[in-house]
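The structure displayed is predicted, hence computed values, not measured ones.
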Amino acid sequence: QVQLVQSGGGLVQAGGSLRLSCAASGRTFSSYRMGWFRQAPGKEREFVAAIHWSGRSTSYADSVKGRVTISRDNAKNTLCLQMNSLDPEDAAVYYCAADASAGLVTSPSGYHYWGQGTQVTVSS
């Protein structure tokens, strides 16, 4: 069982940066694949980034590639998402997600555990 508690987010001007964090409980965090997703009003939840349990492999949505970095610290049970050059199109509720399976997965259905969500607002 894993519980995910998110922090970070908020309001930022276009071109600015934000860092989202996700603290996980449970001794097996280091063996879980992790990901970030986002959901804007009226839209489906979409993939942002994913990271292998080892941290050695990552995957990014084309829309954020080059602007976003996903990272994890297995010793601290923490997942982070550094977002730079933010655009109003990036505004959404962001969710961290975890699953006990291996590999990188970009579909929400590939994750069993979810954080509570955090709002990111980007002003133009």
Side-chain angles (χ1 to χ4, degrees):
Q1 189 79 3
V2 173
Q3 290 186 327
L4 305 175
V5 179
Q6 298 179 223
S7 60
L11 173 64
V12 65
Q13 288 187 332
S17 298
L18 280 176
R19 185 176 180 85
L20 307 183
S21 296
C22 178
S25 64
R27 294 176 294 174
T28 57
F29 170 81
S30 60
S31 65
Y32 280 56
R33 64 166 171 242
M34 304 290 296
W36 287 97
F37 292 79
R38 67 187 183 187
Q39 189 166 17
K43 295 186 177 181
E44 294 186 352
R45 191 166 298 189
E46 67 173 2
F47 169 73
V48 176
I51 188 166
H52 188 262
W53 65 265
S54 67
R56 290 196 295 265
S57 296
T58 57
S59 179
Y60 296 94
D62 288 343
S63 59
V64 303
K65 200 170 293 183
R67 301 187 295 117
V68 165
T69 302
I70 187 173
S71 61
R72 66 189 297 163
D73 185 336
N74 288 341
K76 297 181 178 179
N77 284 12
T78 301
L79 175 75
C80 291
L81 186 72
Q82 177 67 42
M83 302 187 293
N84 302 320
S85 301
L86 284 163
D87 183 270
E89 291 292 314
D90 296 313
V93 177
Y94 282 69
Y95 297 90
C96 63
D99 193 87
S101 303
L104 293 175
V105 174
T106 62
S107 170
S109 63
Y111 295 84
H112 188 72
Y113 303 102
W114 291 86
Q116 81 276 19
T118 185
Q119 179 71 50
V120 171
T121 304
V122 184
S123 64
S124 57

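Looking at Asn74, its side chain does come within 3.5 Å of a backbone N or O of Trp53 through a donor-acceptor pair. Checked by atom type and distance alone, the side chain of Tyr60 pairs as donor or acceptor with a backbone atom of Ile70 at under 3.5 Å. Not a single donor-acceptor pair under 3.5 Å links the side chain of Arg38 to the backbone N or O of Val120. Side-chain atoms of Thr118 come within 3.5 Å of backbone atoms of Gly8 as a donor-acceptor pair (strictly under, hydrogens ignored).
With rounding to the nearest 0.5 Å, the separation of CH2 in Trp36 from CD1 in Ile51 is 11.5 Å. Atom CG of residue Asn84 and atom CZ of residue Arg19 lie 10.0 Å apart, to the nearest 0.5 angstrom. Rounding to the nearest 0.5 Å places SG of Cys22 at 5.5 Å from CD of Gln6.
A salt bridge links Arg67 with Asp90; the closest basic N to acidic carboxylate O contact falls under 4.0 Å.
Residue pairs that meet the disulfide (SG to SG under 2.5 Å) test with at least one member in residues 46-93, sequence neighbours left out, do not exist here.
The ring-ring contact (aromatic ring centres under 6.0 Å, His included) with Phe37 is formed by just one residue from the set Tyr111, Tyr95, Tyr94; it is Tyr111.
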I'd like to know whether Leu20 forms a side-chain contact (heavy atoms from CB on, under 4.5 Å) with Cys96, so could you lay out the CA-CA distance, the side-chain angles of the two residues, the decisive distance to 0.1 Å, and finally the verdict. CA-CA 9 Å; Leu20 307 183; Cys96 63; over 6 Å; no

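The cationic group of Arg72 does not satisfy the cation-pi geometry with Tyr32, failing either the under 6.0 Å distance to the six-membered ring centre or the 45° limit from the ring axis.
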